[in-house]
2 protein chains.
Amino acid sequence: MKRINIADVAQKAGVSPTAVSFAFNKPEQLNSETVNRIRMTAIEMGYMPNPMARALIAQRSGIIGVMLPQPLSTVLANPYFHTFLQGISSMCDEQALSLMTLSPMNGSLDQAIARSPVDGFIIVGYNEAHHEVSLLRKRGIQYVLVDGDATCAPSVNIDDEQGAYLAAKYLIDKGHRDILILMLDTAFGHADEELHGVAMRRMRGYRRAFDEVGVVWRDEWVLPSVSSMIGGQQNFDAAYEQGLRPTALLAAADAIAIGAIQAAIRRGMKVPQDLEIIGYDDSVLASLVQPGLSTVHQPIFEKGRVALELLIGEWENAATRITDVSAKQVWLPTHLVLRGTTT
Amino acid sequence: MKRINIADVAQKAGVSPTAVSFAFNKPEQLNSETVNRIRMTAIEMGYMPNPMARALIAQRSGIIGVMLPQPLSTVLANPYFHTFLQGISSMCDEQALSLMTLSPMNGSLDQAIARSPVDGFIIVGYNEAHHEVSLLRKRGIQYVLVDGDATCAPSVNIDDEQGAYLAAKYLIDKGHRDILILMLDTAFGHADEELHGVAMRRMRGYRRAFDEVGVVWRDEWVLPSVSSMIGGQQNFDAAYEQGLRPTALLAAADAIAIGAIQAAIRRGMKVPQDLEIIGYDDSVLASLVQPGLSTVHQPIFEKGRVALELLIGEWENAATRITDVSAKQVWLPTHLVLRGTTT
DNA sequence: ATGAAAGCGCTAACAA
DNA sequence: TTGTTAGCGCTTTCAT
């Protein structure tokens with residue numbers, strides 16, 4: 001089925017392709033009668049300008065790409081990303097931009113990037129040093145890094161270290177010494193270096209609190225976990241079967257914490273009486289579960305908004321040729337939120 | 001900053017643009033030495049083929065568009081869509097497709113559609129009769145309808161009516177007569193006709209159970225609610241202040257049910273002792289809240305997968321010129337899941 | 001007020 | 001094995 005193009009419409013309406021183009025983009029340049037006739041014909045024939053051709057000429061598609069560290073289906077299972085994407089979208093809605101998500105296809109992002117007709121990227125969970133990222137840089141494509149280390153490009157991060165410190169400090173001050181830590185597995189160099197920065201910063205924060213008070217840091221008490229409820233369950237169970245008997249738990253993500261709670265309850269423990277727990281992120285789930293999850297709050301929604309704001313700022317910089325020395329690094333604050341999983 | 005194009009690379013590498021193109025797309029057609037030289041030069045110059053130009057020629061972008069009934073930020077606040085989008089993405093991941101979301105911009109989808117370089121649409125919550133949808137049809141763009149009435153195009157729906165019937169029947173059989181119904185507001189013709197089909201089908205299901213047993217259906221006991229926790233809270237409160245004293249509650253969406261539960265508890269009621277509640281959708285929240293929400297289960301994830309499968313099927317049909325008479329209407333089953341909000 | 005023609009960046013017949 | 005050439009569908013000067 002051949003798609004109708006501008007020439008078809010022009011011919012049927014008895015005008016030139018230029019006229020048809022004007023009828024859609026600059027109607028004021030044309031006799032309003034002609035505009036009407038052309039519009040009529042177009043509708044009748046089911047014509048609509050081809051978006052790809054338009055984008056090719058304009059060198060701009062109105063689409064922003066969000067590069068994610070995991071397959072999309074995994075990401076969408078994570079409440080953190082829900083809120084983050086909401087933040088981006090709220091800005092998209094305002095700016096009439098469309099949002100496209102890209103995840104590693106067959107383990108690599110190359111494919112995905114090469115095919116994405118986007119005006120810029122928001123890159124989540126990769127450091128600037130990452131291979132694909134440096135390619136973008138070289139190609140002169142605008143991007144903003146989120147949850148990743150950056151120096152040359154704008155970035156949005158939170159104060160992971162401080163948040164982690166506060167959480168650990170709280171439990172230690174309450175007298176806990178046998179604290180199980182379920183850490184993001186990305187801190188262990190398993191998966192690429194995704195989130196490497198974030199995971200390491202949180203680890204350092206926990207550690208700082210331990211060191212400061214002189215509590216022994218035992219590596220066997222730190223387990224890498226995928227960032228999901230299942231991950232939390234499995235690793236809590238694993239710890240228990242290894243003989244660990246924690247009185248408190250630090251989880252580097254809320255989902256992990258919630259999974260661990262379920263596992264603990266299943267083993268007959270009472271939360272928070274037998275086990276105090278502090279998660280990380282303050283995702284929507286934290287206030288929904290029973291008991292409410294004590295956690296480190298980070299402004300997730302705002303993070304998304306700010307990321308897109310920075311990206312838009314980049315476009316404007318490029319347009320007005322202001323030098324790129326700016327490269328803003330935004331650091332958003334974190335704080336402790338106490339709910340029902342701590343006493 | 002001028003972007004490097006194929007000609008620049010060709011010149012620098014001392015070959016023709018064709019050679020460069022081949023080096024990227026059909027390396028086997030070229031002397032491997034030449035390929036290497038070209039690749040080197042390309043990397044050095046930071047060159048990457050322009051995705052828009054590619055898509056223009058191929059008449060195919062590898063992107064599928066998901067048309068949503070509400071602004072993206074609203075949609076992402078809804079657990080139903082999380083799971084649905086996960087279903088689509090799981091298929092995307094497998095097929096190396098990218099996913100782009102479009103929401104009404106400034107109240108209309110025209111803008112968004114006109115700018116979307118997609119290979120096809122998954123349209124959620126609109127009927128085939130909807131203006132924008134019929135435009136697509138005319139333009140010859142492939143699409144699949146989800147949660148909407150269709151005859152000419154493929155569609156995926158669930159058995160809304162039966163699910164609603166089961167829920168209402170259950171409560172009625174337990175002896176309840178004062179049943180508050182928090183219905184999707186889209187059943188009331190407020191917002192366009194979005195979800196019109198779905199909302200009406202659920203309404204009919206509830207009604208059928210009432211009629212069958214001869215329970216009086218009172219329109220004042222049916223309140224339109226936006227599909228969110230806030231909506232559920234507000235409408236439960238509104239009902240209460242109107243003097244309604246329900247002993248049971250049917251909510252046409254889980255989010256509504258959960259909001260209503262919170263409102264009820266705040267008024268000192270015990271769930272399920274004072275108020276039995278059945279939601280709709282069985283979204284992830286339903287099993288997370290305390291007490292667990294009894295609800296009508298629908299296979300949300302699968303719905304997303306099937307939708308994309310149908311779309312891909314359309315492409316293949318078009319390619320092999322099989323006539324389009326097929327237009328599969330898929331109906332997925334629903335069933336009742338009892339948890340803690342019923343006795 | 002309207003049209004002819006050049007080109008956005010790329011691919012793919014067809015030649016050489 | 002490599003290059004020439006003609007578009008993909010559209011926008012946009014520059015003429016008329």
Interatomic distance, [X] [atom1] vs [N] [atom2] [rounded to whole Å]:
{"X": "B:Asn50", "N": "C:dT11", "atom1": "CG", "atom2": "P", "answer": "9 Å"}
{"X": "B:Ile6", "N": "C:dC8", "atom1": "CD1", "atom2": "C1'", "answer": "13 Å"}
{"X": "A:Lys26", "N": "C:dA1", "atom1": "NZ", "atom2": "P", "answer": "15 Å"}
{"X": "B:Met45", "N": "C:dG9", "atom1": "CE", "atom2": "P", "answer": "13 Å"}
{"X": "A:Ile57", "N": "C:dC10", "atom1": "CD1", "atom2": "P", "answer": "15 Å"}
{"X": "A:Arg37", "N": "C:dT2", "atom1": "CZ", "atom2": "C1'", "answer": "11 Å"}
{"X": "B:Arg60", "N": "C:dA12", "atom1": "CZ", "atom2": "P", "answer": "13 Å"}
{"X": "B:Met52", "N": "C:dG7", "atom1": "CE", "atom2": "C1'", "answer": "17 Å"}

OP1 or OP2 of [N] under 4.0 Å from side-chain N/O of [X]:
{"X": "A:Ser16", "N": "C:dG3", "answer": "yes"}
{"X": "A:Gln59", "N": "C:dG9", "answer": "yes"}
{"X": "B:Arg54", "N": "C:dG9", "answer": "no"}

Checklist entry - What does A:Tyr47 touch in the nucleic acid at a heavy-atom separation under 4.0 angstrom: a base, only the sugar-phosphate, or nothing? => result sugar-phosphate
Checklist entry - Just checking A:Val15: base, sugar-phosphate only, or nothing, at a heavy-atom cut-off of under 4.0 Å? => result sugar-phosphate
Next on the checklist: At less than 3.5 Å, do the side-chain atoms of A:Thr18 and the base atoms of C:dA4 form a donor-acceptor pair?
Outcome noted: yes
Checklist entry - Does the base of C:dA1 carry an N or O that pairs as donor and acceptor with the side chain of A:Thr34 under 3.5 Å? => result no
Item to check | Nearest-neighbour nucleotide for the B:Pro49 side chain, C:dG9, C:dC10, C:dG3 considered | outcome: C:dC10
Can any side-chain N or O of [X] pair as donor or acceptor with the backbone N or O of [Y] at less than 3.5 Å?
{"X": "B:Gln329", "Y": "B:Ala153", "value": "yes"}
{"X": "A:Tyr143", "Y": "A:Pro154", "value": "no"}
{"X": "A:Asn127", "Y": "A:Gly148", "value": "no"}

Checklist entry - B:Leu56 or B:Phe22: which one's nearest nucleotide on DNA chain C is closer to the 5' end? => result B:Leu56
Item to check | Presence of salt bridge, B:Arg305 and B:Glu94, under 4.0 angstrom | outcome: yes
Checklist entry - When the ring planes of A:Phe24 and A:Tyr47 are compared, do they come out parallel, tilted or perpendicular, using 30° and 60° as the limits? => result perpendicular
Checklist entry - Which word best sums up how the rings of A:Phe84 and A:Tyr80 line up, parallel for under 30°, tilted for 30 to 60°, or perpendicular for over 60°? => result parallel
Item to check | Span of DNA chain D in contact with chain B (heavy atoms, under 4.0 Å) | outcome: D:dT1 to D:dG9
Checklist entry - Is it the case that more than 12 heavy atoms not belonging to A:Glu33 sit under 6.0 Å from its CD atom? => result no
